[in-house]
Amino acid sequence: VTVAAEVEVLDLATTSLRELNQRLHDAEGGRFQVVNPSGAHAVACGLDGTHEVEILGHVGYYCAGMNQRASVRVRGNAGTGVAENLMSGTVVVEGNASQSAGATGRGGLLVIHGDAAARCGISMKGIDIVVRGSIGHMSAFMAQRGCLVVCGDAGEALGDSLYEAHIYVRGEVKGLGADCVEKELRENHVAELTELLLRAGFDDLDVTEFRRYGSARELYNFKIDNAGAY
Amino acid sequence: MCGIVGLYCKSPALEPELGRHLSAMLVQLSDRGPDSAGVAVYRAPAPEGVTKLVLYHPDPGFEWRAVGGELVDVRARHAVVLHEDERAVRDAFPELRVMSAGRLIEIYKEVGLPREFAEQFRLQEFDGTHGLGHTRMATESRVTTMGSHPFSTGEDLCLVHNGSLSNHNRLRLDLRREGMEFQTENDTEVAAAYVTWRLREGDALPDALESCLDALDGFYTFLVGTADGFAVLRDPIACKPAVLAETDDWVAMASEWRAIAVLPGAADAEMWEPEPSVVYAWEKEQVPA
């Protein structure tokens, strides 16, 4: 990897995690490269600025959580809760992500080049998540806002107790959760999907191959007939 | 919390280094389990006709030669003894605890930080074909040597656990009726006994683990060691973490990637998360489950 002069290298083999995050918090932006992450937790969290952070290797839990505006790229795999509660900006994982990727995210874009495990996009509140591979069970559980785009397959109980998030899956869905149903892929959805795939850098897919899933709106508008479902 | 690690050597060249790698993996998971640590290593086969026992005595000054058999090794308050009659040892020395029994297995466990444990038991010295380890943050029972993992209730069989079981009391009663014996009130020992019982009833290891899905209520990622290899199972909800990685030389399992990152060639390993309710097994000849 060629390192341009303006890139600041932060080495987790010699710098503590606290020092690393403090250095990023002190900066309002700039280019950073994190080396030797070795699965460390909470790398590049809580940033609020125009940072461009590249992490060379695998990270542990909660990488890039709570960030605003910054862009973080993980050249490896990410552990539980990558980009959890993301407010804005982008997070790209070039490998696989563990469970609860993008959990509770309020904005911004999370792109996963590999697979995401269980509970991807759980309780998402406005974040957009694009997964090139497949996602695990219980994904988009209670998802409220934002889009979850899956180019591969989805596991059991997709979109259980879903609110108003949009879910697009290209492959097979093992099972839909309570109150999640397949819906028609209309023109505005094709446009939304096309734009998201472009932003994620995946321009080789036919958007009409995707199927759309959403809330049947039978569960969250409380009806006495549904009392047994609670 | 709690941390689990497992390392299976596909390449014999790795076997002399087993203890060193297992120790490094264990230390990585110290903050998942600072209460106690333990390992099971499969090594140094016992000769025909005798059982390899790893025994524990609370008194560090205990005179191990009194036990009889062949005293092979003493590490902290544990000793490795080759003996013809495990039952006779248990009867003659009721204060002794049998950590493990079998042809290959050796279990060592103690309270304290993983790093202290590794030093105290000279973990780095161990060779072996495969090994399991655990760092414990106690939830269901007290922080004691006997409450530490791994748990073994059958020959060459052991189990480490991340999670907690809620129906262990009732299941323990059921298993006692089936003739299983327990040394603690720990939930994980019940899971180990359940697997042992299923194997005794004729199940193959993958089937025995599959039946855990119905019998056990709670959260778990299990790593089960046998004479031939190890197997991994996560409960249907799969909240408790697990990462698997494989290269041409080894298969590794850990609660978190950072425990695998210390292995040679880890950066290029194939890596994935085990699916819920699916049994993954590696045994000699690498027969998948």
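All figures in this text were calculated on a predicted structure; none of them were measured in a lab. In the text below, chain A, chain B and the rest are named by the order of the sequence lines, each starting its count at 1.
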| Should the heavy atoms of other residues, nucleotides or ligands under 6.0 Å from CZ of Arg43(B) be counted, would the total exceed 12? | yes

| task | Sort by residue number and list every member of residues 234-242 of chain B having a non-hydrogen atom under 4.5 Å from chain A. | result | Arg234(B), Pro236(B), Ile237(B), Ala238(B), Cys239(B), Pro241(B)

| said: I'd like to know whether OH of Tyr62(A) has more than 12 heavy-atom contacts from other residues, nucleotides or ligands below 6.0 angstrom. | reply: no

| said: Take a 6.0 Å sphere around CZ of Arg122(B) and say whether it holds more than 12 heavy atoms from other residues, nucleotides or ligands. | reply: yes

| Straight-line distance of Glu156(A) CD to Ser277(B) OG, nearest 0.5 Å | 9.0 Å

| request: Indicate the atoms forming the closest heavy-atom contact of Arg258(B) with Ser38(A), along with that distance. | output: CB-O, 3.2 Å

| query | In this structure, are over 12 heavy atoms from other groups packed under 6.0 Å from Asp248(B) atom CG? | reply | no

| message | I need the Met271(B) CE to Asn96(A) CG distance, nearest 0.5 Å. | response | 7.0 Å

| request: Can you measure from OG1 (Thr80(A)) to CD (Glu273(B)) and round to the nearest 0.5 angstrom? | output: 6.5 Å

| field | Greatest number of heavy atom pairs closer than 4.5 Å to chain A - which of Pro276(B), Ala267(B), Ala261(B) | value | Pro276(B)

| What residues form a ring-ring contact (aromatic ring centres under 6.0 Å, His included) with Phe117(B), not counting sequence neighbours? | Phe121(B)

| Taking everything shown except Arg170(B) itself, do over 12 heavy atoms lie less than 6.0 Å from its CZ? | no

| Phe219(B), CZ: over 12 other non-hydrogen atoms inside 6.0 angstrom | no

| Under 6.0 Å from the CD atom of Glu172(A), do we count more than 12 heavy atoms belonging to anything else shown? | no

